[in-house]
Amino acid sequence: QVQLVESGGGLVQAGGSLRLSCTASGRTFSSTVMGWLRQVPGKEREFVAAISWGGVNTAYADSVKGRFTISRDNAKNTVYLQMNSLKPEDTAVYYCAADESGRIWSQPRKYNYWGQGTQVTVSS
(Lines give C-alpha, C1' and ligand atoms only; values in the text may rest on other atoms or scores of the structure.)
Protein backbone atom coordinates (compact mmCIF):
# COMPACT_ATOMS: atom_id res chain seq x y z
CA GLN A 1 0.00 0.00 0.00
CA VAL A 2 1.04 3.56 -0.69
CA GLN A 3 -0.31 6.38 1.44
CA LEU A 4 -0.44 9.88 -0.01
CA VAL A 5 -0.92 13.08 1.96
CA GLU A 6 -1.41 16.43 0.23
CA SER A 7 -0.83 19.89 1.67
CA GLY A 8 -0.54 23.46 0.50
CA GLY A 9 -4.03 24.27 -0.66
CA GLY A 10 -5.79 27.48 0.29
CA LEU A 11 -7.41 30.69 -0.88
CA VAL A 12 -5.57 32.94 -3.32
CA GLN A 13 -6.50 35.83 -5.56
CA ALA A 14 -6.48 35.48 -9.32
CA GLY A 15 -2.97 35.89 -10.66
CA GLY A 16 -1.44 34.53 -7.49
CA SER A 17 0.54 31.37 -6.81
CA LEU A 18 0.34 28.29 -4.63
CA ARG A 19 2.54 25.24 -4.24
CA LEU A 20 0.98 21.90 -3.43
CA SER A 21 2.97 19.08 -1.87
CA CYS A 22 2.25 15.37 -1.69
CA THR A 23 4.27 13.03 0.48
CA ALA A 24 4.16 9.29 -0.06
CA SER A 25 4.71 6.64 2.58
CA GLY A 26 4.45 2.89 2.77
CA ARG A 27 5.56 0.90 -0.23
CA THR A 28 7.14 3.00 -2.93
CA PHE A 29 8.18 1.59 -6.28
CA SER A 30 10.95 2.58 -8.57
CA SER A 31 8.52 2.87 -11.47
CA THR A 32 5.89 4.91 -9.63
CA VAL A 33 4.42 7.75 -11.62
CA MET A 34 2.94 10.59 -9.60
CA GLY A 35 0.10 12.74 -10.77
CA TRP A 36 -2.10 15.65 -9.79
CA LEU A 37 -5.76 15.62 -10.69
CA ARG A 38 -8.59 17.94 -9.68
CA GLN A 39 -12.32 17.86 -9.26
CA VAL A 40 -15.07 20.40 -9.07
CA PRO A 41 -18.37 19.38 -7.44
CA GLY A 42 -20.70 17.95 -10.04
CA LYS A 43 -17.96 17.36 -12.55
CA GLU A 44 -15.67 14.46 -13.31
CA ARG A 45 -12.17 14.34 -11.93
CA GLU A 46 -9.71 15.69 -14.49
CA PHE A 47 -6.03 15.28 -15.15
CA VAL A 48 -3.72 18.19 -14.33
CA ALA A 49 -0.12 16.93 -14.49
CA ALA A 50 2.05 13.86 -14.01
CA ILE A 51 5.73 13.06 -13.64
CA SER A 52 7.80 9.92 -14.10
CA TRP A 53 9.93 8.43 -11.32
CA GLY A 54 13.14 10.05 -12.51
CA GLY A 55 11.43 13.34 -13.27
CA VAL A 56 12.54 13.28 -16.90
CA ASN A 57 9.08 12.84 -18.35
CA THR A 58 6.17 15.13 -17.51
CA ALA A 59 2.72 15.74 -18.92
CA TYR A 60 0.26 18.59 -18.47
CA ALA A 61 -3.33 19.33 -19.28
CA ASP A 62 -3.61 22.01 -21.95
CA SER A 63 -5.45 24.24 -19.51
CA VAL A 64 -2.44 24.49 -17.19
CA LYS A 65 0.51 24.37 -19.58
CA GLY A 66 2.87 27.27 -19.03
CA ARG A 67 1.34 28.06 -15.62
CA PHE A 68 1.79 24.88 -13.56
CA THR A 69 4.98 22.92 -12.98
CA ILE A 70 5.20 19.43 -11.51
CA SER A 71 8.37 18.24 -9.84
CA ARG A 72 9.48 15.59 -7.38
CA ASP A 73 12.11 14.94 -4.75
CA ASN A 74 12.51 11.18 -4.45
CA ALA A 75 14.79 11.49 -1.43
CA LYS A 76 11.82 13.03 0.39
CA ASN A 77 9.17 10.88 -1.35
CA THR A 78 7.45 14.12 -2.25
CA VAL A 79 5.91 15.51 -5.41
CA TYR A 80 5.08 19.19 -5.90
CA LEU A 81 2.75 21.21 -8.05
CA GLN A 82 3.78 24.84 -8.45
CA MET A 83 0.76 26.79 -9.65
CA ASN A 84 1.30 30.29 -11.01
CA SER A 85 -1.02 32.79 -12.67
CA LEU A 86 -3.97 31.12 -11.04
CA LYS A 87 -7.43 31.66 -12.46
CA PRO A 88 -10.86 31.30 -10.85
CA GLU A 89 -11.45 28.26 -13.07
CA ASP A 90 -8.56 26.52 -11.31
CA THR A 91 -10.72 26.33 -8.19
CA ALA A 92 -11.11 22.65 -7.28
CA VAL A 93 -10.10 19.93 -4.89
CA TYR A 94 -6.67 18.80 -5.97
CA TYR A 95 -5.71 15.16 -5.53
CA CYS A 96 -2.33 13.52 -5.57
CA ALA A 97 -2.29 10.08 -7.18
CA ALA A 98 0.21 7.31 -7.84
CA ASP A 99 0.46 4.57 -10.44
CA GLU A 100 2.82 1.61 -10.36
CA SER A 101 2.85 0.79 -14.06
CA GLY A 102 5.58 3.26 -14.90
CA ARG A 103 3.46 4.91 -17.56
CA ILE A 104 2.11 8.45 -17.46
CA TRP A 105 -1.67 8.37 -17.67
CA SER A 106 -4.18 11.17 -18.07
CA GLN A 107 -7.14 8.97 -17.21
CA PRO A 108 -7.96 9.15 -13.51
CA ARG A 109 -9.05 5.49 -13.44
CA LYS A 110 -5.49 4.40 -14.23
CA TYR A 111 -4.15 5.62 -10.89
CA ASN A 112 -3.99 3.06 -8.08
CA TYR A 113 -3.53 5.25 -5.03
CA TRP A 114 -5.06 8.56 -4.02
CA GLY A 115 -4.63 11.18 -1.36
CA GLN A 116 -7.49 12.79 0.49
CA GLY A 117 -7.39 15.98 -1.55
CA THR A 118 -6.67 19.62 -0.76
CA GLN A 119 -8.94 22.55 -1.61
CA VAL A 120 -7.66 25.31 -3.87
CA THR A 121 -9.88 28.37 -4.20
CA VAL A 122 -9.02 31.22 -6.54
CA SER A 123 -11.01 34.41 -6.07
CA SER A 124 -11.62 36.86 -8.89
Side-chain angles (χ1 to χ4, degrees):
Q1 285 286 346
V2 176
Q3 292 79 42
L4 304 173
V5 178
E6 303 100 334
S7 62
L11 173 64
V12 65
Q13 288 187 333
S17 299
L18 281 175
R19 189 177 80 157
L20 305 182
S21 300
C22 172
T23 300
S25 61
R27 294 177 65 189
T28 55
F29 303 91
S30 61
S31 60
T32 301
V33 167
M34 301 296 295
W36 287 97
L37 299 94
R38 65 189 182 185
Q39 189 169 22
V40 175
K43 294 188 176 181
E44 293 186 355
R45 197 166 295 186
E46 66 174 5
F47 173 76
V48 176
I51 188 168
S52 59
W53 171 255
V56 173
N57 297 313
T58 58
Y60 296 92
D62 288 342
S63 59
V64 307
K65 281 182 182 177
R67 300 188 298 121
F68 291 10
T69 302
I70 190 170
S71 61
R72 66 191 297 167
D73 183 342
N74 288 338
K76 297 181 179 179
N77 290 327
T78 300
V79 62
Y80 305 97
L81 185 67
Q82 178 66 44
M83 305 185 294
N84 298 329
S85 302
L86 282 161
K87 303 176 181 180
E89 51 263 45
D90 294 317
T91 296
V93 176
Y94 282 71
Y95 295 91
C96 174
D99 174 61
E100 304 162 357
S101 71
R103 295 187 60 180
I104 289 182
W105 303 103
S106 61
Q107 303 95 320
R109 62 183 175 87
K110 293 290 190 178
Y111 289 86
N112 307 113
Y113 303 101
W114 293 85
Q116 82 287 352
T118 185
Q119 176 71 45
V120 171
T121 303
V122 184
S123 63
S124 58

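Heavy atoms only: backbone and side chains are in, while hydrogens, waters and symmetry mates are out.
- Atom CD of Q107 is surrounded by more than 12 heavy atoms from other residues, nucleotides or ligands within 6.0 Å.
- The shortest heavy-atom contact between G117 and V93 is CA-CG1, 3.8 Å.
- Formation of a donor-acceptor pair under 3.5 Å by the S52 side chain with backbone atoms of N57 is found in this model.
- If you take CD on Q82 and CD1 on I70, they are separated by 12.0 Å, rounding to the nearest 0.5 Å.
- Taking 4.5 Å as the limit, every side-chain heavy atom of Q39 sits out of range of all side-chain heavy atoms of E44.
- Residues C22 and M34 are in side-chain contact: their nearest non-hydrogen atoms beyond the backbone lie under 4.5 Å apart.
- Proximity of L86 to F68: side-chain heavy atoms (C-beta onward) are separated by under 4.5 Å at one or more points.
- A donor and an acceptor atom, one from each side chain of T78 and D73, are nowhere located under 3.5 Å apart.
- The minimum heavy-atom distance between A24 and V2, with the atom names listed, is CB-CG1, 4.2 Å.
- Considering every non-hydrogen atom in both A92 and V40, the closest pair reads CB-CG2, 3.9 Å.
- The side-chain heavy atoms of V120 and L18, taken from C-beta on, include a pair separated by under 4.5 Å.
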Going through the checks in order, is the side-chain contact (heavy atoms from CB on, under 4.5 Å) test met by D99 and T32?
CA-CA 5 Å; D99 174 61; T32 301; over 6 Å; no
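- Residues W36 and R38 are not in side-chain contact: their nearest non-hydrogen atoms beyond the backbone lie 4.5 Å or more apart.
- Pairing each heavy atom of P108 with each of L37, the nearest pair is CG-CD2, 3.6 Å.
- With N74 contributing its side chain and W53 its backbone, the two residues share a donor-acceptor pair below 3.5 Å.
- Counting heavy atoms from C-beta on, the side chains of R67 and K87 come closer than 4.5 Å.
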Intermediate values then yes/no, side-chain contact (heavy atoms from CB on, under 4.5 Å), Y113 and E100
CA-CA 9 Å; Y113 303 101; E100 304 162 357; 2.6 Å; yes
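- Residue pairs meeting the salt bridge (charged side-chain N to carboxylate O under 4.0 Å, His left out) criterion with at least one partner in residues 54-66, sequence neighbours excluded, are D62-K65.
- To the nearest 0.5 Å, atom CD of residue Q13 and atom OG of residue S123 are 5.0 Å apart.
- Between Q119 and Y94, the side chains place no donor N or O within less than 3.5 Å of an acceptor N or O (distance only, hydrogens not considered).
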Verdict with supporting geometry, L81 and T69, side-chain contact (heavy atoms from CB on, under 4.5 Å)
CA-CA 6 Å; L81 185 67; T69 302; over 6 Å; no
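- A donor-acceptor pair under 3.5 Å links the side-chain atoms of T118 to the main chain of G9, judged by distance alone.
- Under a hydrophobic-cluster definition in which Ile, Leu, Val, Met, Phe, Trp and Tyr are linked whenever side-chain heavy atoms come within less than 4.5 Å, directly or via other members, V33 and Y80 are assigned to different clusters.
- Taken to the nearest 0.5 Å, the OG atom of S63 stands 10.0 Å off from the CZ atom of F47.
- Contact detail for V79 and S71: the closest heavy-atom pair is CG2-O, 3.1 Å.
- Under a cutoff of 6.0 Å and an axis angle of 45°, R45 and Y95 form a cation-pi pair.
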Using the rule given for side-chain contact (heavy atoms from CB on, under 4.5 Å), can you reason through S17 versus M83, listing the C-alpha separation, both sets of side-chain angles and the distance that settles it, and then say yes or no?
CA-CA 5 Å; S17 299; M83 305 185 294; over 6 Å; no
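- When atom types are taken as modelled, the side chain of E6 and the backbone of Q116 share a donor-acceptor pair closer than 3.5 angstrom.
- E89 is not listed as a side-chain neighbour of T91, based on a closest heavy-atom distance of 4.5 Å or more.
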